[in-house]
Structures are given as structure tokens and as C-alpha cells.
Amino acid sequence: MDRGTERDTPAGPGAGHGPVTEATEPGRVPLAVVVVDREGLVSHWSRGARRLFGVPKDEAIGRAALDLLPVSGALPEDQDTTPYEADDGPGPGLEASLDGGLSYPAAGRARLSAPGSERVDVLWWAYPLVVPGPERLLVLAADADGLRAGEGAFRRIAPGFAPHTDFPGAGDLARRLPEILPSMSVGESARIVGQILELGYPVLEFSQNDRVPVTPDWGVARRAERRARRERAARALAAGEPVPQELRDEGEDLEYAAVRERLEFLNEVSGRIGTSLDLSRTIIEVSRAVVPRFTDVAGTYLREQVVAGEGFPEGVPDTTTMWHRVAVEHTDEPGRWDDVVPVGEAMPFPAHTPFFQCMTTGEPVLVPRISEEMGHAIAAQFEKRDIRPLITGRSMLVVPLKARQVVLGFMILLRHPERPVFNDMDRVTGAELAARAGLVLDNARMYTYQENVAETLQDSMLPHIPPRMAGCDIATRYLPGTLLGRVGGDWFDAVKLPGGRTAFVVGDVMGHGLNSAAMMGQFRTAVQTMAGLDLPPAQLLRNLDDLAQRLGDSYLATCLYAVYDPIASELHLANAGHIPPVLVRADDGRSELLDLPTGAPIGVGGVPFEAVRVRVEPGDRLVMCTDGLVEVRGEDIGVGLATLCESAAHPAASMDDACDTIIRALNTCGGRKDDVALLMARLNGIGPDDVAEWRLALDPAEVGRARAAVREQLHDWGLAKLAAPAELMVSELVTNAVRHSRARPVELRLVRGDALLCEVDDDDHELPTLLGTGPLDDVGRGLRIVSTLSREWGTSRTETGKTVWFELTLPRR
């Protein structure tokens, strides 16, 4: 609609047929706007109403609407034309609306005549108002001659309304336009309102090409087409010409027109549903697509598995199947249905109900009118809530929501008692509507299911790292690529090592999807296993590269592996083609990219890996991430690395806050295409006062010395409660070490951190195993005691032998 300048025209019926614009455009016609209060009196009379009906505003306000509007000729026309059939329209006419007899929108056509003027053909729409205030009815009317832009224009008209501000409730009406005007989507209404507010007066918009909804029913379209045929037939008879066969076959043509209207409706609905693969949004779209044009109430129910986004439901529903009410749309006053049939409720349906019949047969069930008896039977399913006043006397159609021959749910459609009942054509229309909606819902369900599977797979592959490990605090983040699926090949991990050390690893399998995720899972498992063997970083990457060669040459991966020794305050790092880590110094807050030998990615094969050692201080922070965090297409990666360094050095209240600061600085929440794995560790260290070490000779007498040393040290640390179990376990481990060592003295070490760690080293490479023991067995009982009394225990090989260790939980202070 182009903006035009309105010129005044003389008042009176048919005089000028409404306002004229300087650039009159087909499709923009002024409306008469009348608001009727609850007493049946006119409370608003627009300038368009004055021009169309010939009554000034000051004479119309406060008068009975029945005295001013052309209700007497609303359905039957004047004597020289054939009257409309009583069953041809959407229900009783304007007079019933003005009397308050209708609770739903209606539309019609009337002939207006006055002395000294030609007749004016008037189209009208009446909309009951539910806004607060005294207003009860909104009536729009237009001169039909202004709509004669082509054959069949009347089939494709829809009013748009911009209320004037000189009557109460105008602001509410403007905001609630989609509720006042039926058969229009929110998007269509918003577009029309935006144009209307520019013009400053009501307009009527229509289109001969676009499918624009008309009225609550198809009656007006059928009526307009029938009248046009009759007029053509009358002209032929008056001219003495034979009536064309097409006019004789009026019944067949009108039936075809009705079918065409329903096909257009179905096409329109198809365009309004399935705009996304979000299951919740799709449910709302399906419910709103049919109200109010096809029905006045639409309740949507889905099977429990569909709502949960689980796999495809199996088997025919029965009386135990739970159905979730996922949406209720209606044209009744707000809140009327909310308490009786709340969204989110789950319930089964017994075998004698039409709902059970629909869900088990997969066919629509039509109930022309819900009787008192049926209303009572249905209401029995709703405990402590009487639904009978809402459903009794209404026409009901229950349609199944099917996909791939399985019933996913069903829709309960209800029409007001004053509206025509559902018929066989409605049954066919409803079935086709449900078939399309079911397919859309199933697509959304499958997408939701695949999303859940992907998330579950990804979560199962990512470790759950405790926030505190020996001598360090840890925080992690994983962000899946937003454009390439929710499963990728990025991973991180933290592995406990002997001597209170911790291994940090971040890796990235090149590519995306399930194959990359599966390869990532194999690499992560291999790294965990080899870290548990306490392999040096360079050797671990060498072994990982050999594994990749055995698995095939289809995948490459980058990997950064670092071992933190909190007692020696040292990092031991090796890199396989990964971006370097960032080290943030605690003393001055300075951050730096660690200069490491880059190495080749895992899977290239035959390339050596080098390791370096870096001295750290308590409070330093190590930041390791994948390239998805810093790499942006079309931009040098150095820019991202510089931003990473800068954001990592930013002060933060906690480790989690520090991670969030990095994520925000690198804008990974917008336009990110690759996965992101981020691991940050605060290297707190373990001071000399928290470590005690002893060297024990290969003499059984040293076992007693070890017990006494442990007891004394624990008393000094204020851990006397742990002395008894610690002494017993140390006695067993030292006894075994003295018995199996060959030449080197046994080393005993206690470390006080988040837990009490005890380690016993010897030069025997044979790892002990936990054996089943009987009451008379002489061996195997030591490890059984350690396994029973300790919080955690383990063994690992070292370069010179093995280490057996256990942990005890520190008592609460």
C-alpha cells in the first residue's frame, strides 16, 4: 500500500463512495468503523461511517446500532434480486451480532439505499471484543464497488483496522489486532498495521494473487460467487439469450469452489507450519494455524515419547498410553480454558471415548454435536474439574497426527454451538491438515531426537574433571560448533599421576560429525591409558602417533600434553601440531604464549616429538584450548592468539569467571563454526612443609621405623585421626617393597594436599594385583587391606621400578 492524501467528499449514502486519494491504488479502500457498547449503543462512529451511512458522528453516538446500520437487508436482498439462502453464510447476520447473539466473528453483505441516491453494495464484518471496557462489538463496513478490481476479488479480501484514539479502549484494540481480526497471522497483521498507522485511517486490503484469509468460514466466498452467477444468468434471460451451461451447473461449480477454498486453506496452513525444526515452536504453529478459520478451539495431544524427544514410539496406543496436552488455542475469553485443561498435563484416555477411537484407528472421528451424555463421559476424565460447560453442544472433530503409519498424537477441534457443525468435507480437510501437521511434527521430533543423541554422545566422551586436583584448580569449557552439528572431535582431559602430579591434555581431531567424535574417543582413551603408565610427554605422543597409523590414515589430530609437578613447581610439555598454551604469571599478571616445538599432527607418522620443561610459581595459570577458539576464517590466527593472551590475563573472581571472560572476548557465541575446548588450571603448587620423605633400607626392621615416622608426621600435621589406618597400610606396602626390591632403597613419601597421599617406591617392575584371599592365605592380604581402608589407591610403573600409592580423606576441621 502506497501512502496517499485523502480528500473529503460529500456525506450521504453512496456519495463518492468514501474518500478519494490523489493516487488511488487498487486494494486500498476506506472502511467505516463502528464500535457498539454492551447496551447496544454506538460508542464510536468514524468519518468513513459518516460517509457510507450518511449520519453525522454527533447524531450517531449514543443511538442504538440497530437504528443506524442496514441490518434489515443484510441477508435477503431487494425484491429484484434473488435472496441469499439461509444456510449460505457463516451464521446469523449482523442483527444477531448487534443483539449480542453471537460470540464469534461474522461477516455478510447488504444493500443500502436512500432517497435520491443509487444503491450501495456494502460488505461488513462484526468482531466481538474481549478487551476490558464497555465496548462489546467492532463493526467494519466497506463500499463493495470500491473493491471491483477484477473478477473474484471478493474471495480474497481481509480487513485491516487502525482504531482512532477518540474512544476508550482504542489502544488495547490496536495492540490486540490479531485477536480482533480472525483468519490473519500475526505477521500479516503486523505488516498491515504498520502501513495503516502511516495512513492514519482504516483501510481494506485485498489481493487477487496472494492467498489472504477471508472470514471465519467460507460462506462469504460462496455467497459472492453465487450472486455473481445469478446476476449473469439474469442478464442473459433479460436479453433473451440462452443461459450458459456453466450457470446451470451452479451446484457443481459451487462445490468445486468450496473444495478450492479448502485446498487454499491447506496450502496456507502448510506454509505457516514447519518454519523451524524446534519441536515446541512447531507445536504452537500447528495449533494456531487452524484457529479461528477452521475451528474455534484446538487442543493438541502428543505421546510421551514424542514430547521427550525419544525414539519412534512402537506399538498401537492403548488405555495406558500417556498423552501430554502440549497446546490449547481458542477464541473464547482469556483464561477460560487455562484452569480446566492446562497445558503440560498428561493423561490416558479410556476405550469408550472418541479420542481412543481416533488414536487406535488412525482415522478422524466426527461428532456433530456433543450431547449432555457424551459431555458427562468426557468430563469424567478430568478430576475435580467440570469441563462440560466448555464442550457440551459444540461440534467436535478429532484428527490423528500420524507419520509413517504411527500415531504421534491427535488434535481435538471444537466449534461454537452457533457455528455450522463439522461435516464430511471438514472431516477430509481435517484429516489432510493432520497428515501435514503430523509429518512436520515428526520431522521436528526426529531432529530433537538426533540432537539429544548427539548431546548424549558428546557428553559421554567428555570427562567430568573435578575442580580441584593435587596442587591445582581446574575449569573447563566445551562449545559445540553451531553450524556443523553438535558432535565434534575436540576434547580435553586431566589425569592423576604418581607423585601428586597431574597431566593436562587438549586435542582436536580434524573434521566434524560422528566419525570424528568416534576417533576422538579412541584417542582420548589411549591418552588416559598411556598417562596412567606415566610415560614422558614426548614418548606418549610418539605412541599416540603409532596408534593413529594402525587405525588408518583417514584422520589427523593435534594434541598438546603437559605434566604438572606441584612439588617441583614444573611443567613438562610436548606438542603435536597444536596451538601453543598461554601461561599467566601470578606475580605481575603478564601472559605469554609458551614457545614449544610445534611438532607434526598425530597421524602424519615418522616425525619426532620434543618436550620442554618450564618453571612455574604458585598461582600461575595455564590456558590450553583448541583452534576453534582463536581461529576466524579470513583473519590471521595471530590476532586470535593475541586476544587470547590479553583476555587470559584479565583478573577474575574465580576460574569459571576467567573462562567466561575468554569466551566473551573471542566472541565464540556468534558465528562460530568450529568446536571449542578450553582448559584452564591454576597451578597452586605444594610447599615443602606439606611433603615428608624417607629412604628405607632393604631390612624388615625398617617397617617399624616407617610406621613410627608416619605416626609422628601425622601428629605434627594435626592429622592424628588418620594415624592408625595410615600406619597399617604403610606397614603392608613397605613390607612388600622390602621383600621384592633388588638393590635400590625403598622410598616412602607423604603429601598433604586436598587429601593425604602416601607413596611407596621400589625398583621392582612387577606391578602387584588385587587377589581374592581366603582366611588361611599368607599372601595377597596387604592390598586387600589397602583397598578396604583407603579412599583411592593404585600402582604405576616408573623409569626405575614401580610406585604403589593410596589416599585418605582429610578430616573436616
Would you say that Thr643 contacts Val630 through its side chain, given a criterion of any heavy-atom pair below 4.5 Å between the two side chains? no

Could you go step by step and tell me if Asp620 and Arg585 meet the side chain to side chain contact (heavy atoms under 4.5 Å, CB included) rule? CA-CA 5 Å; Asp620 289 354; Arg585 298 294 184 176; 3.1 Å; yes

Any pair counted as salt bridge (Lys or Arg N to Asp or Glu O under 4.0 Å), so long as it reaches residues 598-613, sequence neighbours left out: Glu570-Arg613

Spacing of Ile663 atom CD1 and Leu479 atom CG [to the nearest 0.5 Å]: 4.5 Å

If you compare all heavy atoms of His578 against all heavy atoms of Cys625, which two are closest, and at what distance to 0.1 Å? NE2-O, 2.7 Å

Between Tyr561 and Leu544, is the side chain to side chain contact (heavy atoms under 4.5 Å, CB included) condition met? List the steps. CA-CA 11 Å; Tyr561 185 80; Leu544 190 62; over 6 Å; no

Show me the side-chain donor-acceptor pairs of residues 494-510 shorter than 3.5 Å, one per line, residues at least two apart or across chains.
from   : atom 1 : to     : atom 2 : distance (Å)
Lys496 : NZ     : Glu792 : OE1    : 3.0
Lys496 : NZ     : Glu807 : OE1    : 3.4
Lys496 : NZ     : Glu807 : OE2    : 3.2
Arg501 : NE     : Pro498 : O      : 2.8
Arg501 : NH1    : Asp534 : OD1    : 3.3
Arg501 : NH2    : Pro498 : O      : 3.3
Arg501 : NH2    : Asp534 : OD1    : 2.9
Arg501 : NH2    : Asp534 : OD2    : 2.6

Using side-chain contact (heavy atoms from CB on, under 4.5 Å) as the criterion, list what pairs up with Arg797, not counting sequence neighbours. Leu767

Rounded to the nearest 0.5 Å, what's the gap from OG on Ser790 to CG on Leu728? Could you check? 11.0 Å

Taking the side chain as every heavy atom from C-beta outward, state whether Asp627 and Thr558 have any atom pair closer than 4.5 Å. no

More than 12 heavy atoms of other groups within 6.0 Å of Glu592 CD: yes

Please test Asn575 against Thr598 for side-chain hydrogen bond (donor to acceptor under 3.5 Å, both in side chains), starting from the C-alpha separation and ending with a verdict. CA-CA 6 Å; Asn575 188 9; Thr598 303; 5.1 Å; no

Is any side-chain heavy atom of Ser647 closer than 4.5 Å to one of Arg664? no

Looking at Ala649, is its backbone amide N or carbonyl O close enough to the side chain of Ser591 to form a donor-acceptor pair, meaning the two atoms are under 3.5 Å apart? no

Roughly how far apart are Thr525 OG1 and Trp491 CH2, rounded to 0.5 Å? 10.0 Å

NE2 (His650) with more than 12 external heavy atoms under 6.0 Å: no

If the threshold is 4.0 Å, N to carboxylate O, is there a salt bridge linking Arg477 and Asp660? yes

Of the non-hydrogen atoms in Pro566 and Ala470, which two are nearest, and what is the gap between them? CG-O, 3.9 Å

About how many Å separate CG of Leu783 and OG1 of Thr769, when rounded to the nearest 0.5 Å? 7.5 Å

Are the side chains of Pro811 and Leu719 in touch, meaning some heavy atoms are under 4.5 Å apart? yes

Pairing of Asp762 and Lys802 as salt bridge, 4.0 angstrom limit: yes

Just how far is it from atom CE of Met655 to atom CG of Asp473, taken to the nearest 0.5 Å? 6.0 Å

Kindly check if the number of other-residue, nucleotide or ligand heavy atoms within 6.0 Å of CD (Gln539) is above 12? yes

Counting C-beta onward and ignoring hydrogens, is there a side-chain heavy-atom pair between Leu679 and Thr476 closer than 4.5 Å? yes

Quick check: does any side chain N or O of Thr735 sit under 3.5 Å from a backbone N or O of Ser731, one acting as donor and the other as acceptor? yes

Trp694 side chain near Gln713 side chain, heavy-atom distance below 4.5 Å: yes

If you compare all heavy atoms of Ile579 against all heavy atoms of Leu560, which two are closest, and at what distance to 0.1 Å? O-CD2, 4.1 Å

Given Leu756 and Leu810, is the side chain to side chain contact (heavy atoms under 4.5 Å, CB included) satisfied, shown in steps? CA-CA 6 Å; Leu756 177 66; Leu810 298 181; 4.0 Å; yes

With a 4.5 Å cut-off on side-chain heavy atoms, are Val691 and Arg749 touching? yes

More than 12 foreign heavy atoms under 6.0 Å from CG of Asp588: is that the case here? yes

Taking every heavy atom of Met624 against every heavy atom of Pro581, the minimum-distance pair comes out as CG-CB, 4.0 Å

Grab the two heavy atoms, one from Asp545 and one from Pro601, that are nearest each other, plus how far apart they are. OD1-O, 4.0 Å

Look up atom SG in Cys559 and atom CG in Leu541, then write down how far apart they are to the nearest 0.5 Å. 5.5 Å

Could Arg550 and Asp546 be called an ion pair, given the rule that one side-chain N must be under 4.0 Å from one carboxylate O? no

What verdict does the side chain to side chain contact (heavy atoms under 4.5 Å, CB included) test give for Leu666 and Val676, after you've listed the backbone C-alpha separation in whole Å, the side-chain angles of each residue and the deciding distance to 0.1 Å? CA-CA 11 Å; Leu666 288 153; Val676 170; over 6 Å; no

Using side-chain heavy atoms (C-beta onward) and a distance below 4.5 Å, is Val527 in contact with Asp493? no

Atom of Ala576, atom of Ile602 and distance for their closest heavy-atom approach: CB-CD1, 3.8 Å

Is the number of heavy atoms from other residues, nucleotides or ligands under 6.0 Å of Gln528 CD greater than 12? yes

